[in-house]
Engineer: 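Next up is a structure, given as structure tokens.
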Amino acid sequence: MKQIKHLMGLGLKVRLKRTIILTILVLTFCSTVFSSGAVGQEDSENNQTAPEEGFFDRFITYVKSLFSGEGDLQSSGEISKIGAADIQQSADSEDAVLKIATPDVIESASLVGDTGLGVFAHLSNPPLMKMDSEGHIVGQLAENYSVSENNTLWTFYLRDDLYWNDGEKVTPEDVEFSIRYYGEKTPWASWINDTLENSTVSDANNSVTFKFNKPYTRVSMEFATYDILPAHVWKNIEDPVEYTNNGPYVGCGPYYLKLIYLNAGKLVFEKNPYWKGKAPEFKTVEIHFYSNVDVATLALKNGEADTYYKYAGSYPYSSIEELNKTGNFDFMEKTSIGLVFLAPNLKKAPFSDEEFREALAYAINYEELASLETLGYGEVPNRGFVPSSMENYKETEKLEYSPEKAREILEKAGYSDSNGNGILEGKDGKDIKLEILIRPDYARTGELLDEYFENIGLSADLKTVDSDTWITLKDSYNYDLTVTRSTPWGMLMHSSWGSGYFDSRRTGQGVMHNVEDPVFLQLCDNILATTDSAELQKYAYELQDYYAENLPAIPLYWSKTVTPFNRHFEGWYADPLYGIYNLDTFTNVTKVEA
């Protein structure tokens, strides 16, 4: 009986403790919701809302875990009960957590099938190679590599201190499996399946060799983007694109991906206990994804995040001053190798006419565009398209705003307003009415272009569409002009220097595939056939000259990538491909006193 009373007493104490905790949590929760709601009202004109559903779900899950005492991992597609333990653990050791706010959206818990998740997984499943701060491709999991004289045989020598977080050693077989797996199982890596003739591994040299059926000199660059997977885990997964798992995923980086918490908008990375490289300071890295940049900014201001990351994007220029006023942040600025550009439909007149494109280029007020769209963080681009921050950049002529010159070129080329209605006629005698295909992100740029073109006698209509519709219309060449952007990876893919966007032999969501000129295609092939640095520079220069002379696309502005970070942290490192999201950042950043 005494034992029963004792147990009852313990039970009462436990329930009392849980009640007190629950009360505190409810008060904290209500305070947070009301606080967010107040700020949300101020921003309501922009339809900005805090991720209340995610926070509520997280709260409920946490409370359930306290009262249920359960802690097993969940099946695919469910909220993991371990998430509650993570949140409690995070709350208990805030100082050991590095938190990153992002507007990038993770739509699925598929490490291979979700593009956004694949980028963040570089921390847990690093690619073989990486880009350094100067834009050079160097080893990451690979110590170094060699390539045969005919550029078909590539051998990668692995570091010998790599282990998966389940204790298994990383082997050349893992790398061979990963590369072949992507080539066979994913549509975006089909080039591997098409060109890889065979592969071999050498345990003695801790190396893997890939033999391609033709020169493919961008292999080291390509292998800076593919996450390496443990063969002993993934070999039984038939469809990696559709496979989802909320975690943990086995990784070999300084951290492994422990939890994907979609409802709460959170990824949790924990230290890999078998990591032999430079030890990171933080036990946990959390990625908090928000519905928009304004909510992410609010998290930064409230101290709920230590830095901001957007793949291939900058912190919003319009929010920099607001964050700067808090006195808690410094900012890193890097000129991006990606850019915003205007692409003409080269399959259609008058855009197939070089002189017409030349006139369009003079009609655009680049200073105004850069000023309005980048608020001083951008500059007028060159005709050679490629930003100055990219390796083997060539100084071509600066783009110039001159509506007078534009009208003169059009008149000499035979475009005139014979009926006096204020609109120039094409060589078919009909009024030229441009349809500019716009995605919502570029609405203001589209409006400015509309004004510029009307100023030289060209009628223009804007057609704003969502991303899926844009891809459909673009791929069917159902447009006159369109505004789009290149990402850093887009500038590097294929034959590099932006060629992957224009080569008509390529397809893909963001590419224009609008250049069929044999001269351009041969240039691409020349680049793909050599690894000689002098030859590469020569071809890179020729490519930029081609852009400057033929204008297959008109760059609108170059811009900087701005990254805010809390002043209590130091050691950030950025590369042109993934910005601050790289292993050097996560093994170097430390917390310091302000």
Side-chain angles (χ1 to χ4, degrees), residues 131 133-135 310-320 331-344 357-358 360-402 438-439 441-446 448-449 452 481-493 495-502 510-512 537 540-541 543-563 574-580:
M131 179 172 282
S133 61
E134 301 302 315
K310 180 180 181 182
Y311 170 65
S314 172
Y315 183 71
Y317 304 125
S318 59
S319 300
I320 291 174
F331 298 85
M332 180 188 293
E333 296 180 12
K334 294 282 185 181
T335 300
S336 174
I337 63 174
L339 69 150
V340 175
F341 62 92
L342 178 70
R357 300 199 296 273
E358 186 77 12
L360 289 182
Y362 279 111
I364 298 169
N365 188 338
Y366 303 96
E367 290 278 2
E368 183 175 72
L369 265 177
S371 174
L372 292 175
E373 296 292 17
T374 72
L375 303 179
Y377 293 94
E379 62 177 309
V380 175
N382 290 1
R383 294 173 65 99
F385 195 79
V386 176
S388 57
S389 53
M390 198 167 184
E391 191 174 18
N392 287 325
Y393 159 78
K394 181 181 180 182
E395 185 74 53
T396 56
E397 186 182 348
K398 211 77 171 169
L399 281 160
E400 177 189 350
Y401 172 52
S402 175
I438 299 288
R439 287 191 282 185
D441 286 349
Y442 307 112
R444 183 166 58 174
T445 296
L448 290 168
L449 290 172
Y452 301 152
L481 297 162
T482 188
V483 180
T484 186
R485 71 159 184 165
S486 67
T487 63
W489 169 242
M491 293 297 291
L492 296 164
M493 66 184 182
S495 308
S496 196
W497 298 288
S499 60
Y501 284 96
F502 308 117
V511 305
M512 306 310 303
Q537 184 184 64
Y541 283 4
L543 201 59
Q544 290 167 80
D545 286 338
Y546 183 92
Y547 293 144
E549 292 168 13
N550 296 279
L551 293 171
I554 302 171
L556 297 178
Y557 53 86
W558 294 335
S559 60
K560 292 181 179 177
T561 298
V562 180
T563 303
D575 68 63
L577 184 54
Y578 290 112
I580 63 163

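Only a predicted model underlies this, so the values are computations on that prediction, with no experimental measurement involved.
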Engineer: Between Y442 and E373, is the side-chain hydrogen bond (donor to acceptor under 3.5 Å, both in side chains) condition met? List the steps.
Structural biologist: CA-CA 9 Å; Y442 307 112; E373 296 292 17; over 6 Å; no

Engineer: Only one of P488, S559, P387 passes side chain to side chain contact (heavy atoms under 4.5 Å, CB included) with L339; say which it is.
Structural biologist: P387

Engineer: Out of curiosity, T487 OG1 to I337 CD1, how far, rounded to the nearest 0.5 Å?
Structural biologist: 8.0 Å

Engineer: Using the six-membered ring wherever Trp is involved, compare the ring planes of F341 and Y501 and label them parallel, tilted or perpendicular (cut-offs 30° and 60°).
Structural biologist: perpendicular

Engineer: At their closest point, which heavy atom of M332 faces which heavy atom of A574, and how far apart are they?
Structural biologist: SD-CB, 3.5 Å

Engineer: Counting C-beta onward and ignoring hydrogens, is there a side-chain heavy-atom pair between Y557 and T374 closer than 4.5 Å?
Structural biologist: yes

Engineer: side-chain contact (heavy atoms from CB on, under 4.5 Å) with Y578: which residues, sequence neighbours excluded?
Structural biologist: V119, H122, T225, Y309, Y311, D575

Engineer: Are side-chain heavy atoms of E391 and Y393 found at a separation under 4.5 Å?
Structural biologist: no

Engineer: If the condition is salt bridge (Lys or Arg N to Asp or Glu O under 4.0 Å), which residues does R357 pass it with, not counting sequence neighbours?
Structural biologist: none

Engineer: Of all residues at least two apart in sequence or in a different chain, which pass the salt bridge (Lys or Arg N to Asp or Glu O under 4.0 Å) check with E400?
Structural biologist: K405

Engineer: Of the non-hydrogen atoms in A370 and G378, which two are nearest, and what is the gap between them?
Structural biologist: CB-C, 4.3 Å

Engineer: Look at the aromatic rings of Y547 and F502 and report parallel, tilted or perpendicular, splitting at 30° and 60°.
Structural biologist: perpendicular

Engineer: side-chain contact (heavy atoms from CB on, under 4.5 Å) between V380 and E367: does it pass, once the steps are laid out?
Structural biologist: CA-CA 6 Å; V380 175; E367 290 278 2; 3.8 Å; yes

Engineer: Measuring from atom OG of S486 to atom CG of L492, what distance do you get when rounded to the nearest 0.5 angstrom?
Structural biologist: 9.5 Å

Engineer: I'd like to know if the side chain of E333 pairs up with that of T561 as donor and acceptor (distance under 3.5 Å, no hydrogens or angles considered).
Structural biologist: no

Engineer: Suppose we screen for side chain to side chain donor-acceptor pair (under 3.5 Å). Which residues come up paired with D441, at least two apart in sequence or across chains?
Structural biologist: none

Engineer: Without swapping roles, check the side chain of S336 against the backbone of G338 for a donor-acceptor pair under 3.5 Å.
Structural biologist: yes

Engineer: Do L551 and E358 have side chains that approach each other closer than 4.5 Å (heavy atoms only, starting at C-beta)?
Structural biologist: yes

Engineer: Using 0.5 Å steps for rounding, measure from the CG atom of L360 to the CG atom of L342.
Structural biologist: 7.0 Å

Engineer: Sort and list the pairs that fulfil ring-ring contact (aromatic ring centres under 6.0 Å, His included) and have at least one residue in residues 361-380, not counting sequence neighbours.
Structural biologist: Y317-Y377

Engineer: How long is the gap from OH on Y401 to CD on E368, to the nearest 0.5 Å?
Structural biologist: 7.5 Å

Engineer: Are any of the side-chain heavy atoms of Y315 and K310 separated by less than 4.5 Å?
Structural biologist: no

Engineer: If we only count heavy atoms from C-beta on, is the W497 to K394 side-chain gap below 4.5 Å?
Structural biologist: no

Engineer: Does T482 have any side chain to side chain donor-acceptor pair (under 3.5 Å) partners at least two apart in sequence or in another chain, and if so, which?
Structural biologist: W470

Engineer: Quick check against the 3.5 Å criterion: does R485 have a side-chain atom that pairs as donor or acceptor with the backbone of V340?
Structural biologist: no

Engineer: In the structure I gave you, are the side-chain heavy atoms of L448 and N365 within less than 4.5 Å of one another anywhere?
Structural biologist: no

Engineer: Side-chain contact test, heavy atoms from C-beta onward, threshold under 4.5 Å: evaluate it for I364 versus L399 and give yes or no.
Structural biologist: no

Engineer: How long is the gap from CD on Q537 to CG on N392, to the nearest 0.5 Å?
Structural biologist: 5.0 Å

Engineer: Just by distance, do the side chain of S496 and the backbone of M493 share a donor-acceptor pair under 3.5 Å?
Structural biologist: no

Engineer: Taking the side chain as C-beta and beyond, is there a heavy-atom pair between M390 and M491 under 4.5 Å?
Structural biologist: yes

Engineer: Quick one about E397 and N382 (side-chain donor to acceptor, distance below 3.5 Å, no hydrogens or angles considered), yes or no?
Structural biologist: no

Engineer: Passes side-chain hydrogen bond (donor to acceptor under 3.5 Å, both in side chains), Y546 versus Q544? Steps please.
Structural biologist: CA-CA 5 Å; Y546 183 92; Q544 290 167 80; over 6 Å; no

Engineer: Can a donor-acceptor pair be found, under 3.5 Å and without considering hydrogens, that links the side chain of R444 to the backbone of L372?
Structural biologist: yes

Engineer: If you measure from OG on S371 to CD on E379, what distance do you get to the nearest 0.5 Å?
Structural biologist: 13.5 Å

Engineer: Compare every heavy atom of P344 with every heavy atom of P552, then report the nearest pair and how far apart it is.
Structural biologist: O-CD, 3.1 Å

